[in-house]
2 protein chains.
Amino acid sequence: MNEPTTRDPELTRARILQAAFDLFVEKGFAAVTMRELAEGSGVTKSLIHHHFGTKDGLWDAVKELAFARYYQDQKEDLEQADGADSDLLSKSVVRYFRFLAENPKVVRLFSWAHLEGDSSCSHMDAELVGLGAERVRQAQQAGQLRDDVNPTHVVTTFVNACTQWFATCEHHADWPGMGNNEQYLEDFLKIFMRGLQPD
Amino acid sequence: MNEPTTRDPELTRARILQAAFDLFVEKGFAAVTMRELAEGSGVTKSLIHHHFGTKDGLWDAVKELAFARYYQDQKEDLEQADGADSDLLSKSVVRYFRFLAENPKVVRLFSWAHLEGDSSCSHMDAELVGLGAERVRQAQQAGQLRDDVNPTHVVTTFVNACTQWFATCEHHADWPGMGNNEQYLEDFLKIFMRGLQPD
DNA sequence: CTGTTAACTGGTCGGCCGGTCAATTGACTG
DNA sequence: CAGTCAATTGACCGGCCGACCAGTTAACAG
């Protein structure tokens, strides 16, 4: 557990992963070169190949790490939520919205991976949405939410509304009439929560 | 107005644009090579350079064409809508949803362009959202919609919910509990429209 | 029929791409 | 201390990248 000063493969891997994350998030996989990655992480091109094999290998490692963190974070939130809370849904929306607000790079990474047809994130999302839908179903049975809508669609609706907001965030930031993050969240919640009230 | 058999620069341009559109939509700008573009459109690489200058030039032309069609289509719909119709909003949602369903490639093109920081689509969307927001404002003043929410946020909410649905369409198509396009649209409209009813 | 223009082609260029490899260096083992 | 192994380096490779250019050919105006 000592700390070698000159050589530290784990730290090196971490530095490469961080630089690759930033570059891939910014420009997408295809537009980034191994030379940029090397320069960005302060190591040689060969060293990246030594640790990650190919450019694709590095890309996979970057995605796997980011997605694992995302998945862990979200699952934790979903499981620690109090099932008896009548305001569970709006709190979940807020929590998800805040997560995206604090992790804009993850949003972009998802977008890139998704456009390239990556399926690994799909399985994750399927499970998370499934967990959320189960909560909605419980709330419906408890009479807290209208029960004539598909619980999965309820979750998908707010996930879509939040995700796309941050995916296009920097564009519409200065549109006339468009509010900031908090104002949008507030209005969305107004609409969404009233739309889900029981008859 | 005759039809030359051997040489037709406009047809050539159109063929190149179509092939480029398909390839760029599928793989993104950076991952497509001039050679692929040439093969895909059945012409020589040099001819593409002759007509569009550089690869970037072709990319710009592809985007401009697709965006212009999108813009024209949307603006037409927005303007021909009957202002006195109390069900205007839900019809607009349905119309937009159907447009995306029928033009999945445009959705992907927007996603790519957007991730790359293209700002031209931003101005378009700003104007379209502005037009829609104006309609919402009118409906609010007529007492047809609740007036304690920002009209721009109303439009953004449904645009986000629809866009992101199709952006992730092929992924969640087979998720457990997830319905098809029509079922999602129906549930979203239930939530959205009730959420917007006046007090 | 002739001259001009532009569509179109094949060949080629310098440069950068991802990837490899032999050699060096540092850390740890016994 | 020698010996081992992995971390790290720099030089190098074949190939493909986007772009260019000289030459050819079809359309068209006069």
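The analysis underlying the following values was restricted to heavy atoms, covering all of them including side chains, and did not include hydrogens, waters or symmetry mates. In what follows, chains carry the letters A, B, and so on, assigned in the order in which the sequence lines appear, proteins first and then strands, with residues in each chain numbered from 1.
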Atom-to-atom span, [atom1] of [X] to [atom2] of [N] - whole angstrom:
{"X": "A:His50", "N": "C:dT24", "atom1": "NE2", "atom2": "C1'", "value": "14 Å"}
{"X": "B:His49", "N": "C:dT9", "atom1": "NE2", "atom2": "P", "value": "14 Å"}
{"X": "B:Leu37", "N": "C:dC8", "atom1": "CG", "atom2": "P", "value": "16 Å"}

Side chain of [X], heavy atoms from C-beta onward: which of [options] has the nearest atom to it?
{"X": "B:Thr44", "options": "D:dG10, C:dG10, D:dG18", "answer": "C:dG10"}
{"X": "B:Thr33", "options": "D:dC17, C:dT20, D:dA7", "answer": "D:dC17"}
{"X": "B:Leu47", "options": "C:dG18, D:dT9, C:dC8", "answer": "C:dC8"}

Any side-chain donor near an acceptor of the partner, [X] and [Y], under 3.5 Å:
{"X": "A:Thr152", "Y": "B:Tyr184", "answer": "no"}
{"X": "B:Asp187", "Y": "B:Gln183", "answer": "no"}
{"X": "B:Thr54", "Y": "B:Asp56", "answer": "no"}

Measure distances between side-chain N and O atoms of [X] and base N and O atoms of [N], and say whether any donor-acceptor pair falls under 3.5 Å.
{"X": "B:Arg7", "N": "C:dA7", "value": "yes"}
{"X": "B:Ser46", "N": "C:dG10", "value": "yes"}
{"X": "B:Lys55", "N": "D:dA19", "value": "no"}

Indicate yes or no: at least one non-hydrogen side-chain atom of B:Gln140 is less than 4.5 angstrom from one of B:Pro151.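 Counting from C-beta outward, B:Gln140 and B:Pro151 do come under 4.5 Å.
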